[in-house]
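Take a look at the structure below.
All residue numbers in this chain count up from 1 along the given sequence.
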Amino acid sequence: MKVLIVGSGGREHAIAWKVAQSPKVDKIYCAPGNAGIAQVAECVPIGAMEFEKLAAFAKEKEIDLTVIGMDDPLVGGIVDVFEEKGLRVFGPRKNAAILEGSKAFSKNLMKKYNIPTAAYETFTSPEDAVAYLETAKMPIVLKADGLALGKGVLICQNLEEAKAGVKELMLDKKFGAAGNEIVIEEFMTGREVSVLSFVDGDTIRIMSSAQDHKRAKDNDEGLNTGGMGNFSPSPFYTKEIDAFCQKHIYQATVDAMKAEGRPFKGVIFFGLMLTADGPKVLEYNARFGDPEAQVVLPRLENDIVDVFEACIDGKLGEMELKFDNEKATVCVILASDGYPLHYEKGFPIEGLEAFEGKEDYYVFHSGTKFDEQGRIVTNGGRVLGVTATGATLKEARAKAYEATEWISFQNKYKRNDIAASVMEL
Ligand code: AMP
Ligand code: GLY
């Protein structure tokens, strides 16, 4: 069969790499893709938001299955466009992708269905937001309602910062229309865990847990990024926590979406905070995480195409997901120095061939392209996800960091403490 993947990051590289292992698949396309994805797929220069062009391409090439990796096209309704044209596609429709697309929607859903999350209020008027803040407990969290590349969340230590945050989001419109409405919520403390799941509208199957490192610098300093590295599984995600989440969060979310007439098919990514009062939902995403996909998919033992098909057909209940739980994975992002603000790109990348034929080592491309001379060059803030599996997190971490040394490019930057906090456990 022929598969089309929509997106261009490390997540889509991991998905394409996994799809390529399926014996059912003889051709993979990726739009727009990148220089790493080009190793396993034919990249086509169509943007992820060009729904009509993508659907026309899928028709023309008789694509059997399209997989949407990114949030923007999902929230924008790409799945509806494909389905209207009779094309098979993996991902939530627009009315379900709102679970990620609107934080106000997701918070209201959790409140209505008693799914544990931080206490909150929503505001469309900056004056009302400020009036509320004047009596609120600090620190406090401000969130733009809409998509903001993971950067629309402000943690404010005092009233002054919170008022400045309201101005930034609602008046200066730093994230555009995403700030027309904001959520103000209680500040929570605890360990963060990401849990990815496959959903077929009714049934939910959890993948392995992971822990992200969102800040740009070591010791969780610096600005929030899309993610600077992560590891899987999280040793903090115990059987007891899993049992609690299965009971109060996962199925409850799927049932709530169904009850609202918005059945969810695709991947739900639960961002959880393990608080002293138990696990609570920080956020939902309607897609694989990036780089969560890079640490979770290498340990998935199923044919991923079978899992995608089961989700589309509502048959996930007939399938068991299998993970290699004997192994752990660590991913260290090699970024362009200056990310997430200003950085240069276009620098040649050396050393990629060192990964060829090495079991347990993976280099997923996030922001790379071919230059006019056919060299692979940097093309984004996050450049590569250097990933390794090992018998333990410690081994996986040592291998991943070893492999980061194989690669060189001008302005290469990485965090040095990915997974460091779990080394003593
Ligand atoms: P989100 O995009 O909602 O996951 O938020 C981005 C990051 O902000 C999270 O990964 C947390 O580190 C932090 N964060 C979000 N909401 C809260 C909260 N209510 N309390 C504490 N930290 C939060
Ligand atoms: N790594 C966080 C995300 O994909 O949203």
Side-chain angles (χ1 to χ4, degrees), residues 7-13 32 34-36 47-49 70-72 100 103 139 141-158 160-179 182 192 194 212-230 271 282-283 285 289-292 294 331-349 364-369 371 376-386 404 407-418 420:
S8 60
R11 163 184 49 213
E12 287 75 25
H13 191 181
N34 65 36
M49 295 307 284
M70 295 168 69
D71 43 359
D72 286 300
E100 169 165 10
K103 290 199 191 278
V141 185
L142 269 47
K143 298 186 175 185
D145 174 56
L147 293 182
L149 293 169
K151 292 162 198 150
V153 174
L154 305 176
I155 298 185
C156 306
Q157 298 302 329
N158 53 48
E160 207 176 310
E161 273 182 40
K163 282 183 176 168
V166 170
K167 180 170 178 299
E168 200 175 298
L169 297 177
M170 303 190 85
L171 297 170
D172 303 344
K173 299 267 185 228
K174 189 164 173 206
F175 301 102
I182 65 167
E192 283 185 45
S194 309
D212 203 0
H213 295 65
K214 285 207 168 96
R215 300 294 198 96
K217 301 202 168 129
D218 285 3
N219 301 315
D220 287 332
E221 288 171 9
L223 295 171
N224 255 325
T225 69
M228 292 299 293
N230 61 4
L282 276 170
E283 65 159 349
N285 294 312
D290 188 346
E292 283 78 0
Q294 289 89 308
C331 171
V332 180
I333 296 289
L334 298 183
S336 303
D337 198 9
Y339 172 71
L341 292 175
H342 307 288
Y343 52 84
E344 287 181 69
K345 50 193 192 180
F347 298 119
I349 304 172
F364 294 115
H365 292 221
S366 300
T368 67
K369 67 169 190 180
D371 72 359
I376 296 182
V377 298
T378 64
N379 191 37
R382 292 192 290 180
V383 177
L384 300 168
V386 172
T404 63
I407 299 282
S408 57
F409 57 85
Q410 209 173 310
N411 83 354
K412 170 178 150 186
Y413 171 82
K414 65 175 189 303
R415 271 182 69 160
N416 298 298
D417 63 346
I418 303 301

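Side chain of Arg382 to backbone of Asp290: a donor-acceptor contact under 3.5 angstrom is found. For Ser336 (side chain) and Gly380 (main-chain N/O), a donor-acceptor pair under 3.5 Å exists by modelled atom type. Side chain of Thr225 to main chain of Ala216: no donor-acceptor pair is present (N/O by atom type, distance under 3.5 Å, no hydrogens or angles).
Rounding to the nearest 0.5 Å places CG of Asn379 at 8.5 Å from OG of Ser8. Taking CD of Glu292 as the start and OG of Ser194 as the end, the distance is 4.0 Å to the nearest 0.5 Å. A distance of 7.5 Å separates CG of Asn34 from OG of Ser366, quoted to the nearest 0.5 Å. In this structure, the separation between CG on Asp145 and CD1 on Ile182 is 10.0 Å, given to the nearest 0.5 Å. The CG atom of Asp218 lies 4.5 Å from the CG atom of Asn416; values are rounded to the nearest 0.5 Å. To the nearest 0.5 Å, atom CE of residue Met228 and atom NZ of residue Lys414 are 10.5 Å apart.
Residues Ile376 and Pro348 are not in side-chain contact: their nearest non-hydrogen atoms beyond the backbone lie 4.5 Å or more apart. Under the 4.5 Å side-chain criterion, counting only non-hydrogen atoms from C-beta, Tyr343 is not in contact with Asp337. Using a 4.5 Å heavy-atom cutoff, the side chains of Leu223 and Leu341 are in contact. Between Leu171 and Val166 the shortest side-chain heavy-atom distance does not fall below 4.5 Å. Leu147 is listed as a side-chain neighbour of Asp72, based on a closest heavy-atom distance under 4.5 Å.
Remark: of the listed residues Leu384, Ile418, Leu334, Leu334 is the sole one forming a side-chain contact (heavy atoms from CB on, under 4.5 Å) with Thr404.
Applying the side chain to side chain contact (heavy atoms under 4.5 Å, CB included) rule to Ala178 yields the partners Ala144, Phe175; only residues at least two apart in sequence or on another chain are considered. Shown here are the side chain to side chain contact (heavy atoms under 4.5 Å, CB included) partners of Glu160, two or more places apart in sequence or in another chain: Asn158.
Of all heavy-atom pairs between Leu282 and Lys143, the closest is O-NZ, 3.1 Å. Nearest heavy-atom pair across Gly385 and Cys331 is CA-SG, 3.9 Å. The two atoms that bring Asp212 and Gly229 nearest to each other are OD1-O, 3.3 Å, heavy atoms only. Residue Glu161 comes nearest to Ile155 through the heavy atom pair OE1-O, 3.8 Å, listed as atom of the first residue, atom of the second, then distance. Nearest heavy atom pair, residue Asn411 against residue Phe347, reads ND2-CE1, 3.5 Å. The minimum heavy-atom distance linking Tyr413 with Lys217 is given by the pair OH-CA, 3.5 Å.
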Taking it one step at a time, do Ile407 and Ile349 satisfy side chain to side chain contact (heavy atoms under 4.5 Å, CB included)?
CA-CA 7 Å; Ile407 299 282; Ile349 304 172; 3.9 Å; yes
Inset, instruction - Take Asn224 and Arg215, measure what side chain to side chain contact (heavy atoms under 4.5 Å, CB included) needs, and give me the verdict at the end. - result: CA-CA 4 Å; Asn224 255 325; Arg215 300 294 198 96; 3.7 Å; yes
Exercise. Stepwise, does the side chain to side chain contact (heavy atoms under 4.5 Å, CB included) test hold for Leu154 with Leu169?
Worked result: CA-CA 9 Å; Leu154 305 176; Leu169 297 177; 4.0 Å; yes
- [ ] Check the pair Met70, Arg11 against side chain to side chain contact (heavy atoms under 4.5 Å, CB included), reporting the backbone distance first and the verdict last.
- [x] CA-CA 9 Å; Met70 295 168 69; Arg11 163 184 49 213; 3.9 Å; yes
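Within 6.0 Å of NZ in Lys412 there are more than 12 heavy atoms belonging to other residues, nucleotides or ligands. Residue-environment remark: NZ (Lys369) stays at or below the threshold of 12 foreign heavy atoms within 6.0 Å. Other residues, nucleotides and ligands contribute at most 12 non-hydrogen atoms within 6.0 Å of the NZ atom of Lys167. For Glu344, the CD atom sits in a loose shell: 12 or fewer heavy atoms of surrounding residues, nucleotides or ligands are nearer than 6.0 Å.
Look at Arg415 and Asp417 and you find a salt bridge, because one of the NZ, NE, NH1 or NH2 atoms lies within 4.0 Å of a carboxylate O, short of that distance.
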